[in-house]
Peer 1: 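Got a structure here, written out as C-alpha cells. Questions coming.
The chains referred to below are lettered A, B, ... by the order of the sequence lines, with proteins before strands, and numbering in each begins at 1.
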Number of protein chains: 2
Amino acid sequence: MMTLADIAALAEVSESTASRALRDNPVVNKETRLKVQQIAQQYQFNVNPTARSLRTQKSYTIAVIILFDAKSQQAISDPFLLEILGVIADELTHKGYDMLLSTSKTKDKDWKTYYIDAKRADGLIIIGQGEHDQRIEQLSHSKVPFVVWGASSGHDSFTVVGSQNRSGAEAAVSHLIAQGCTHIAFLGDYRHNEIEQRYLGYQDALQKAGLALNADYELITDFTAQDGYLKTQQQLFPLLPELDGIFAASDAIALGAMKALQEHGVQVPQQLAVAGFDDIAMSAYCSPALTTVKQDTINGGKLLVSKLLQQMDGEQAESELLPVRLLTRQSSARG
Amino acid sequence: MMTLADIAALAEVSESTASRALRDNPVVNKETRLKVQQIAQQYQFNVNPTARSLRTQKSYTIAVIILFDAKSQQAISDPFLLEILGVIADELTHKGYDMLLSTSKTKDKDWKTYYIDAKRADGLIIIGQGEHDQRIEQLSHSKVPFVVWGASSGHDSFTVVGSQNRSGAEAAVSHLIAQGCTHIAFLGDYRHNEIEQRYLGYQDALQKAGLALNADYELITDFTAQDGYLKTQQQLFPLLPELDGIFAASDAIALGAMKALQEHGVQVPQQLAVAGFDDIAMSAYCSPALTTVKQDTINGGKLLVSKLLQQMDGEQAESELLPVRLLTRQSSARG
DNA sequence: AATCTTTTTGCAAACGATTGCAAAAGTTGT
DNA sequence: ACAACTTTTGCAATCGTTTGCAAAAAGATT
C-alpha cells in the first residue's frame, strides 16, 4: 500500500505539499500540483480515509437509521423503504459520502454518541418517525445535522421531508366519493405520524362531501396485509350491506382487505370500492388492480440528502412535503 | 469529548495501561483494570473508532454490496432483499460491526481498493451475483474476506450462501405435476445464476415425471410483475388450450402472469395452476393465494455473517445452500 | 540481604494524513 | 544591489489510539 509519504518522495516534495497538491490547493504551484497528481494517478494512490478522518474530524459518512415500529417490528411499507434507500445510497455516493445503515429495533445506542461524537458519521438520515419519537426530539436540541423522513407537524423543530399524506389521502377518498361511495372505512394506525395525516385527509374528504364521520368505520390496523385481512373480517363484515368503500393507509393493508372481501363474496369494486397508499409493485398486478396514491420516492431521497448536506454546511434547511399522485385503477372503478 | 488520555489521568495511570485496562487485558492488574473501567463508565467514555482503526488497521465495518442487474437495474426480488438486509444488519450489530451499504449499479469502484485497501471495511458481503460476475471471480484471487449470496456452482472458488434453488423449484414443479398439470411453462431469466438453478429444477421435475421439455414453454422474463404480465400475454396466450401450469422464477413474475390470465378469462387454478418463488408478503393475500417456495432468509443472513467472520479469523468457510419450503396455496389447488 | 522471577507499568513509536506557521525562493521596484 | 513583497515550500505538531520493549515493582528463593 502506498502512502502519502511515498508519493511525496516520488514527486520530490514534502508530504505537506503533496497533501495540498492532491486536494488541488491553489497555494501550491500549478506545475507541482499536476506533477503530484499525475504520480498519484499513476501509482493508483488513494488517501487513507481513516487517517484523514482522524485528522480532520470528519468521516464523509452518513448514517441512515431505519426505525421499526416497536410493536409490529415492522417498518413502514417495506417496498417503499427499499426504493428510497436505493435513491439515498446513489445520491450519497454521488456526493462522495459512504452510507452506514442501521435498522434500529428500539432499544438502541444513543445516536449522537454512537454516530456523531464517535465520528462514525457526519450526519443522520432517519426514516420513519413512527409515533412521536423521544429520541428525535432530543436530537433536535443538539447540534447534530439530521433529517427525518416522515410527517411534518407544520412547526417541527427539525427538518422533515415527506409526502403530502393528508392531501393525498383526501384525493383518494374524494375519488371514492366521486365514484358514489358514501360509507367509507379507514384502515390504518393513526398513532403513527404519517398515517395520522392520511387519516386526517380521509376526514377532510368526508367533511367536504358532507358525509358523516363514523367511529365504527375507523379501524386501527398494522402495516401488514395480514392485519388488513383480519380486521376486515372481524370488523368490517358486520357493516357490510351499508359499507361501500375502503381507504387503506397502505397498499398492503388494502390487499389484505380485498382478499377478505373476495373470499366473502363481495364484488370489488361494484359493491365496494377500495383505495390504498404507496403504489407498491404488486398494486398494479393484483385483481382488481388497486387504486392508490404514489409517493415521489426519487425526489424524496434526493431532498433528504441535499437538505442534510445543507445543514452540514451550516445552513438552515426547511421541511418539505412532496406532492403525491393518485393512480386510479380498477379497484375503485364503479360505473 | 473525553479521550483516553483524560481517563488515564483520572485513573492516575498511563495511557498504555488505560488502553489495556479498557480492553480487559489480563496483563494489567485486576484492581487497576476495574478502576479504569469504572471511571470510563462513569464518564461515558468510548474509544474513538477512527483512531483505533488507524492504529489497528481494522475498521470493524463490513460492506454490503447489492448488485443490480445491468439491464433491468433491478435487484433480485426486492422484498426478499430487504428482509435479508435486516437480518444481516442485526447480526453484524450484534457482533460489534457496522454495516456500510452500497448499491452497485455496475460501473463502479474497485471493491478491493475502495473498501479493503482503504480500510473502509474488513470484509464484503455481496448480494445477488446475477450473471457470472467478473469482479467476484477476481476478488477470489485476492486475500479479501468475502461471501456471496447466490447460487453455488458446486465448485466455487469463493464462499457462497444461498437457497437450494434447484430442489426447491423441482418440488414446486413436481407439486404442479401432482396436481395434474402436464404442460408447464417456466418464466424467468436463466442467465441469472440463481434463476438458472430454478430452471434446472423445473427440468428435473419434468424429466422425473417423464414429461417432455418444450422450448416454447420457456420464457425469458425479467424480475418484474410487469414483465410477467407482458410475456404471458405475448407468448403464453397462444399456447393456452394446452398449457395448464406455470412455474415462475419469482412471485412478482407469477403475480403478473396471473393478472394477465385472469384478464383473459382463464381460471386459476382450475384451468391453469401457478406457482412462484420467494413468498413475498403479498403472495398469501392475492387471489388466488399463490403457491410458492419460501427461502430461509433468517438463517441465510446469519450464515453470511458467520461465514464472513470465520474467514476474517483466517479459517476456511464452506459454501452452503439452505433448504427451502414449498407453500401450497390456492393457485395450485386443482382438486 | 542479595539474586532471580514474575507481575505491572509506562515510554515512545507507530498508524497516515492535514495544517499553522515560519522559512526559502522568486518578483518587483527603486 | 538591496529592500519589500508575493508565491511556494517544508517543519513539526496534531488527531486518539495501540503495542513492543524495557524499566520498575513486587514476590520468591537461597
Side-chain angles (χ1 to χ4, degrees), chain A residues 1-37 39-40 43-61 96 98 113-122, chain B residues 1-37 39-40 43-61 96 98 113-122:
Chain A
M1 268 301 82
M2 282 254 151
T3 88
L4 183 61
D6 301 328
I7 299 299
L10 286 166
E12 300 176 291
V13 295
S14 70
E15 285 188 53
S16 347
T17 305
S19 172
R20 295 191 180 101
L22 285 177
R23 321 189 83 231
D24 224 30
N25 186 327
V27 88
V28 0
N29 185 304
K30 189 151 202 171
E31 278 180 44
T32 324
R33 251 185 294 166
L34 288 173
K35 179 173 181 193
V36 173
Q37 291 171 359
I39 292 184
Y43 287 88
Q44 306 225 71
F45 168 78
N46 293 295
V47 304
N48 178 317
T50 311
R52 170 194 294 214
S53 237
L54 181 58
R55 175 63 229 241
T56 62
Q57 304 288 62
K58 287 199 248 162
S59 63
Y60 280 90
T61 298
D98 286 322
T113 306
Y114 190 80
Y115 292 111
I116 307 296
D117 294 346
K119 306 268 157 19
R120 285 182 167 89
D122 301 336
Chain B
M1 269 301 81
M2 283 253 149
T3 90
L4 184 60
D6 299 328
I7 298 298
L10 285 166
E12 300 175 293
V13 295
S14 70
E15 284 187 53
S16 345
T17 306
S19 172
R20 296 192 179 102
L22 284 177
R23 320 190 85 230
D24 224 29
N25 187 328
V27 88
V28 1
N29 185 302
K30 190 151 201 172
E31 278 181 46
T32 324
R33 250 186 293 167
L34 288 173
K35 178 171 179 194
V36 173
Q37 290 171 358
I39 292 184
Y43 288 87
Q44 307 223 70
F45 169 78
N46 294 295
V47 306
N48 179 317
T50 311
R52 172 196 295 224
S53 238
L54 180 57
R55 176 60 229 239
T56 63
Q57 302 289 60
K58 288 197 245 161
S59 63
Y60 280 91
T61 299
D98 286 322
T113 305
Y114 190 80
Y115 291 112
I116 306 297
D117 294 346
K119 306 270 161 8
R120 284 182 169 90
D122 301 334

Peer 1: Answer whether the closest heavy-atom distance between the side chains of F45(B) and L4(B) falls below 4.5 Å.
Peer 2: yes
Peer 1: Spell out protein contact along nucleotides 5-16 of chain D as letters: B when the base is contacted, S when just the sugar-phosphate is, - when no protein heavy atom is under 4.0 Å; keep the 5' to 3' order.
Peer 2: ---BBBBBBBBB
Peer 1: Would you mind reading off the distance between E31(B) atom CD and dT7(C) atom P, rounded to a whole angstrom?
Peer 2: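 So the CD-P distance, E31(B) to dT7(C), works out to 16 Å.
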Peer 1: How about I7(B) and M2(B): do any of their side-chain heavy atoms sit closer than 4.5 Å?
Peer 2: yes
Peer 1: Just to verify, what does K119(B) make a salt bridge (Lys or Arg N to Asp or Glu O under 4.0 Å) with, not counting sequence neighbours?
Peer 2: none
Peer 1: Find the distance R23(B):CZ to dT8(C):P and express it as a whole number of Å.
Peer 2: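 Going from R23(B) (CZ) to dT8(C) (P), I get 20 Å.
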Peer 1: Consider side chain to side chain donor-acceptor pair (under 3.5 Å). Of T50(A), N48(A), D98(A), T61(A), which one does R120(B) pass it with?
Peer 2: D98(A)
Peer 1: Can you tell me how far CG of L10(A) sits from NZ of K35(A), rounded to the nearest 0.5 angstrom?
Peer 2: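 The distance works out to 9.5 Å.
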Peer 1: Can you check the K58(B) NZ to dG16(C) P distance for me, whole Å?
Peer 2: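 The answer, rounded to whole Å, is 16 Å.
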